[in-house]
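To start, the structure itself, in structure tokens.
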Amino acid sequence: MSLLGVQHDGSGPLLVWLHGFTQTKSTGHQFRTILAGAYEVLTIDLPGHGENANITASLDDTADLLADALPSDPFILAGYSLGGRVALHMALRHPERLNELVLLSATAGIIDEHERAARVTRDEILATRIESIGTDVFLDEWLAQPLFASLPPDPFERAARSAYPIGLANSLRFAGTGTQDWLGSRLADVKMPTTVVAGANDSKFITEAERLGEYIPHASISVVLGAGHAAHLERPDACASALFGLYPQ
């Protein structure tokens with residue numbers, strides 16, 4: 001089993017960008033275009049998404065699959081939401097591959113085991129619903145959540161979302177937030193420079209960012225003003241500045 005289709009854009013230092021749940025390597029075009037002005041940006045569909053919809057993998061397994069699929073030279077690893085959780089697991093399992101870690105709207109996990117089990121149950125209900133109603137209806141429901149209230153409608157971004165219901169369902173089952181162990185003190189082993197970012201209107205993930213900043217030794221925290229959870233889609237220029245210090249030309 002191996003991941004398919006690493007996509008390359010731009011030139012410069014290697015930067016790997018990991019997308020969020022329901023997204024693919026083709027989402028965030030404006031944001032990735034800004035990044036490609038300063039980096040060689042590599043994107044890849046995570047298990048359950050896009051070209052890799054038929055692959056099921058835990059967060060740890062996904063980190064190992066990425067280690068096999070990505071260049072052997074050290075790179076900057078950046079991820080959003082699901083991609084951020086995968087990035088944390090890769091930083092713990094393959095630290096020698098990373099020279100920098102960048103996290104957007106990420107979490108160290110759910111500390112309370114009962115809450116974690118409840119999240120697994122909710123995600124299973126959601127996974128079953130995706131299989132029942134299909135991705136078109138599901139994406140309407142998913143994007144209607146308060147979490148994405150400030151996300152502007154964009155038909156190009158919508159078309160770039162993953163179209164495979166079984167893949168998305170299995171992503172929740174195998175790599176959903178409830179499956180993630182509470183990383184807590186393990187994050188002391190994340191020694192590379194780390195940037196943790198959240199949208200200013202996303203109070204839950206500002207709290208999560210602050211928590212990550214407490215546990216990761218060399219972490220700095222930044223906030224994207226005027227943005228919610230999907231800050232890289234809502235304000236790609238401001239997000240690129242907060243994550244990487246970049247400004248579009």
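For clarity, every value in this text was computed on a predicted model and none was experimentally measured. Along the sequence shown, residues are numbered consecutively beginning with 1.
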Contacts of type ring-ring contact (aromatic ring centres under 6.0 Å, His included), residue [X], not counting sequence neighbours:
X    : value
F75  : none
Y39  : F244
H19  : H49
F138 : W142

If we ignore hydrogens and angles and just use 3.5 Å, is the side chain of [X] paired with the main-chain N or O of [Y] as donor and acceptor?
X    : Y    : result
R32  : T43  : no
S171 : G167 : no
N52  : L46  : no
T194 : M192 : yes
E234 : G228 : yes
R85  : A175 : yes
T24  : D45  : no
R93  : D64  : no

Please identify each residue that fulfils side chain to side chain contact (heavy atoms under 4.5 Å, CB included) with [X], with sequence neighbours left out.
X    : answer
E141 : R129, I133, V137
A53  : Y164
N201 : none
R116 : I110, E113, W182

request  = Hey, could you give me each pair passing salt bridge (charged side-chain N to carboxylate O under 4.0 Å, His left out) that has a residue in residues 184-195? Not counting sequence neighbours.
outcome  = none
Salt bridge (charged side-chain N to carboxylate O under 4.0 Å, His left out) contacts touching residues 151-167 (sequence neighbours left out) =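 Salt bridge (charged side-chain N to carboxylate O under 4.0 Å, His left out) check on residues 151-167 returns D140-R158.
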Cluster check [X], [Y]: I/L/V/M/F/W/Y, side chain < 4.5 angstrom:
X    : Y    : result
V223 : F31  : no
L243 : L225 : no
L82  : V6   : yes

How far apart are the closest heavy atoms of [X] and [Y], and which atoms are they?
X    : Y    : result
P165 : I130 : O-CG2, 3.5 Å
G50  : S162 : N-OG, 2.9 Å
F148 : L143 : CB-O, 3.7 Å
I44  : L4   : CG1-O, 3.6 Å
L92  : L187 : CD1-CD2, 4.3 Å
V196 : A219 : CG2-CB, 4.4 Å

key: Heavy atoms of other groups near I166 CD1, more than 12 under 6.0 Å   =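 No, the 6.0 Å shell around CD1 holds no more than 12 heavy atoms from other groups.
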request  = Take atom NE2 of H94 as the centre, draw a 6.0 Å sphere, and report whether it contains more than 12 heavy atoms from other residues, nucleotides or ligands.
outcome  = yes
request  = State which residue, out of V16, L35, L14, L15, fulfils the side-chain contact (heavy atoms from CB on, under 4.5 Å) condition with E40.
outcome  = L14
inquiry  = Using ring centroids (six-membered ring only for Trp), state whether H232 and Y80 fall under 6.0 Å.
reply    = yes
query = Please, which pairs that meet ring-ring contact (aromatic ring centres under 6.0 Å, His included) have at least one residue in residues 105-135, sequence neighbours excluded?
reply = none
Extract all donor-acceptor atom pairs below 3.5 Å that involve side chains of residues 202-210 and protein atoms in other chains or at least two apart in sequence.
{"from": "D202", "atom 1": "OD2", "to": "H229", "atom 2": "ND1", "distance (Å)": "2.8"}
{"from": "T207", "atom 1": "OG1", "to": "S203", "atom 2": "O", "distance (Å)": "3.3"}
{"from": "E208", "atom 1": "OE1", "to": "T107", "atom 2": "OG1", "distance (Å)": "2.9"}

